[in-house]
Amino acid sequence: MLDLAADRGHERDLDRMAWERDRTTPPEGFPALPTIPAARYVDPDFLELERQAMWNKAWLYAGHVDQLPEPGSWFLTRNTGTPIVVCRTLSGEIKAFYNTCKHRGAPLVKEDQGTSRGFVCGYHGWSYTLDGKLTAVRDKRDFPDFDMACHSLSAVRCELLGSLIFLNGDPQAQPLIEHIGPMAAHLEELQLETLRLVDSRSYEVDCNVKVLLDAFLEVYHLKSIHENTVDRFLDHRAMIVTLWPNGHSRMVTPNRRPDWVDPGTKGMPEIPTVSEFTATNNISYHIYPNFVMPPAPTGIPLLQFWPLGPRRTRVVSSWVAPDHDPANPHPLWETRIKNWERILYEDLQFAPQIQESVEGPGFAGMSLNYQERRIYHWHEELDRRIGAEHVPPAARVEPVLAPFVEHG
């Protein structure tokens, strides 16, 4: 059951939805959002700043604990741009290391997943424990004054959000649960630690990663892109937004019919602690920079958007759910994932053409409205992480949303 504070929060959200539905202008004092320069989507120098100062130092979803079912299990992820091995140690702890032997940089593992009692470099046979300690060096006699303890694997920050594994390349990064701040309390009702991995698949699209990510931070596009799918039951004009520190945010779009239940989910196991507010509205959480999670009582899709280069993106779509048995999945999952994929393709369809446009002379920048303020919030956070003084003046965004960020 939710506590009274959460109930009061939901009452305020319902009041906000009613106000949004009936308003004729943005709220008093809300600024006209400045144009976001096109250079932020296409300029190689800016994109390199973004990679070094933001992507390399952000909390990024790597996988689910179900991918590490037993001590010695490991999987390899390349989505961060650098090969990283995530493993469950013999004591059961989850750790991550760069897939790099400390001798001459050869890979520790070459497959995508496996099980072992340690890592052995296939090039010269250096051996490591699952905790990253170097235990054996071939022909050690030829390495005078060699200190094994100084040649452990390079660790990557690795923390759990329930059953979800996140990585961060910055050793000094703020702990994940502190970093997501007020969102953490909102996620408690989802019991993420109990949810099982149902499915994961990826799609590659010819566009800058932000072109696609933008589409999942607003619902202004519903009537054009999703006319025959989600627009039939979501009321985009009553959507509310919560902006949180560190670039995180939440969007809640009410159903046109509060009693509506997706017929494709009837009879599926449910998370027992999900509130009525979450069950009857479309909520989408965003963990900066690239993780989008719209929960439902019967299952939660996890979306990540990964830059493969200046104009290519990988979208990873995974599902977690309560009481899932991988050997005997609920019969509705096949149809449910197919329906979800249909909606996803609607969002992907124009991305390559948009990329062509933003690279052309006809596009100077993005003109955002009040409904699209999560996108502007994303860009403000990017400049904070880079350091505004390091962003070329022609590519900067003016920080205007600080008064609208909620800290509690």
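For Tyr41 and His379, the ring centers sit closer than 6.0 Å to each other. If you look at His377 and His248, their ring centroids are not closer than 6.0 Å. Aromatic ring centres of His179 and Trp244 lie farther apart than the 6.0 Å criterion allows. Checked against a 6.0 Å centroid threshold, the rings of Phe166 and Tyr61 count as neighbours.
Counted within 6.0 Å of CD on Glu70, heavy atoms from surrounding residues, nucleotides or ligands total more than 12; the atom is thus considered enclosed. Within 6.0 Å of CZ on Phe233 lie more than 12 heavy atoms contributed by other residues, nucleotides or ligands. By the neighbour-count criterion of 12 heavy atoms within 6.0 Å, atom CD of Gln174 is densely surrounded, having more than that number from other residues, nucleotides or ligands. Within 6.0 Å of atom CD in Gln52, more than 12 heavy atoms from other residues, nucleotides or ligands are found, so the atom counts as buried in its surroundings. Within 6.0 Å of CZ in Phe404 there are more than 12 heavy atoms belonging to other residues, nucleotides or ligands.
In plain terms, the two heavy atoms of Val86 and Leu68 that are nearest each other are O-CD2, 3.6 Å. Shortest non-hydrogen contact noted between Leu47 and Pro310 is CD1-CB, 3.7 Å. The minimum heavy-atom distance between Lys102 and Trp126, with the atom names listed, is C-CZ3, 4.1 Å. The two residues Thr115 and Pro71 have their closest heavy-atom pair at CG2-O, 4.3 Å. For His64 against Leu195, the heavy-atom pair with the smallest separation is NE2-O, 2.8 Å. Residue Val65 comes nearest to Ile165 through the heavy atom pair N-CD1, 4.0 Å, listed as atom of the first residue, atom of the second, then distance.
In this structure Arg232 satisfies the salt bridge (Lys or Arg N to Asp or Glu O under 4.0 Å) test with no other residue, sequence neighbours excluded.
Inspection of the Ser73 and Arg88 side chains reveals no N or O donor paired with an N or O acceptor under 3.5 Å. A donor-acceptor pair shorter than 3.5 Å can be found between the side chains of Thr298 and Arg336. Under the 3.5 Å distance criterion, with hydrogens and angles disregarded, a donor-acceptor pair is assigned to the side chains of His226 and Asp347. A side-chain donor from one of Glu189 and Thr278 sits under 3.5 Å from a side-chain acceptor of the other.
Not a single donor-acceptor pair under 3.5 Å links the side chain of Gln191 to the backbone N or O of Ile271. Of the possible donor and acceptor atoms, none in the side chain of Asn282 sits under 3.5 Å from a partner among the backbone N and O of Thr253. Tyr288 places a side-chain N or O within donor-acceptor distance of the main-chain N or O of Trp378, the cut-off being under 3.5 Å. Between the side chain of Asn281 and the backbone N or O of Ile283 there is no donor-acceptor pair closer than 3.5 Å. Side chain of Asp131 to backbone of Lys133: no donor-acceptor contact under 3.5 angstrom is found. For the pair Asn168 (side chain) and Ala173 (backbone), a donor-acceptor distance under 3.5 Å is absent. Panel note: side chain Asp139, backbone Arg141; no donor-acceptor pair is recorded below 3.5 Å. Under the 3.5 Å distance criterion, the side-chain polar atoms of Glu227 are left unmatched by any main-chain donor or acceptor of Ser224. Checked by atom type and distance alone, the side chain of Thr313 pairs as donor or acceptor with a backbone atom of Cys207 at under 3.5 Å. Looking only at distances, a side-chain donor or acceptor of Arg256 sits under 3.5 Å from a matching main-chain atom of Asp231.
Taking 4.0 Å as the cut-off between side-chain N and carboxylate O, Glu204 and Arg312 count as a salt-bridged pair. For Arg385 and Asp170, the salt-bridge test fails: no basic side-chain N is under 4.0 Å from an acidic carboxylate O. Between Arg311 and Asp206, no side-chain nitrogen of the basic residue sits less than 4.0 Å from a carboxylate oxygen of the acidic one, so the salt-bridge criterion is not met. Salt-bridge formation is detected for the pair Arg157/Glu159: a Lys NZ or Arg NE/NH1/NH2 atom is positioned less than 4.0 Å from an Asp or Glu carboxylate oxygen. A salt bridge links Arg40 with Asp383: at least one charged nitrogen is closer than 4.0 Å to a carboxylate oxygen. The pair Arg16-Asp13 counts as a salt bridge, with a side-chain nitrogen and a carboxylate oxygen less than 4.0 angstrom apart. Between Lys140 and Asp142 there is no salt bridge, since none of the side-chain N atoms of the basic residue sits less than 4.0 Å from a carboxylate O of the acidic one.
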*Under the side-chain contact (heavy atoms from CB on, under 4.5 Å) criterion, do Leu212 and Val205 qualify, and how do the steps go?*
CA-CA 9 Å; Leu212 270 182; Val205 186; 3.9 Å; yes
*Stepwise side-chain contact (heavy atoms from CB on, under 4.5 Å) test for Phe30 and Glu28*: CA-CA 6 Å; Phe30 190 86; Glu28 184 177 353; over 6 Å; no
*Evaluate the side chain to side chain donor-acceptor pair (under 3.5 Å) criterion for residues Glu406 and Thr242: first the C-alpha distance (whole Å), next the side-chain angles of each, then the deciding distance (0.1 Å), finally the verdict.*
CA-CA 7 Å; Glu406 300 184 16; Thr242 306; 4.6 Å; no
_Stepwise side-chain contact (heavy atoms from CB on, under 4.5 Å) test for Leu134 and Phe146_ = CA-CA 12 Å; Leu134 180 63; Phe146 185 80; 3.8 Å; yes
*Between Asn99 and Thr82, is a side-chain contact (heavy atoms from CB on, under 4.5 Å) present by the stated rule, with each step listed?*
CA-CA 8 Å; Asn99 186 34; Thr82 301; over 6 Å; no
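Within the 4.5 Å cutoff, side-chain heavy atoms of Met293 are placed close to those of Leu190. Side-chain atoms of Pro294 and Pro301, non-hydrogen and from C-beta on, do get closer than 4.5 Å to each other. Ser200 places a side-chain heavy atom less than 4.5 Å from the side chain of Val316. Side-chain contact between Pro322 and Arg196: absent, with no pair of heavy atoms (C-beta onward) separated by less than 4.5 Å. Side-chain contact between Pro34 and Tyr376: present, with at least one pair of heavy atoms (C-beta onward) separated by less than 4.5 Å. By the 4.5 Å heavy-atom criterion applied to side chains, Ile36 and Leu368 are counted as neighbours. Using a 4.5 Å cut-off on side-chain heavy atoms (C-beta onward), Asp214 and Met366 make contact. Side-chain atoms of Phe119 and Ser127, non-hydrogen and from C-beta on, never get closer than 4.5 Å to each other.
Ring pair Phe216/Phe305 is tilted by interplanar angle, where 30° to 60° counts as tilted. Note on ring orientation: taking the six-membered ring where Trp is involved, the planes of Trp306 and Trp55 are tilted (angle from 30° to 60°).
Separation of atoms CD (Glu381) and CG (Leu401) is listed at 11.5 Å; rounding is to 0.5 Å. Here the straight-line distance linking atom CG of Leu332 with atom CG of Asp262 works out to 9.5 Å at 0.5 Å rounding. Here the NE2-CG distance, from His324 to Asp199, works out to 8.5 Å after rounding to the nearest 0.5 Å. Within the model, atoms OG1 of Thr265 and CH2 of Trp333 stand 9.5 Å from one another, a figure rounded to the nearest 0.5 Å. Expressed to the nearest 0.5 Å, how far CD of Gln304 lies from OG1 of Thr80 amounts to 12.0 Å. Atoms CD and CD, from Glu50 and Glu48 in turn, are 10.0 Å apart once rounded to the nearest 0.5 Å.
Judged by a 6.0 Å distance limit and a 45° cone about the ring axis, Arg373 is positioned over the six-membered ring of Tyr370.
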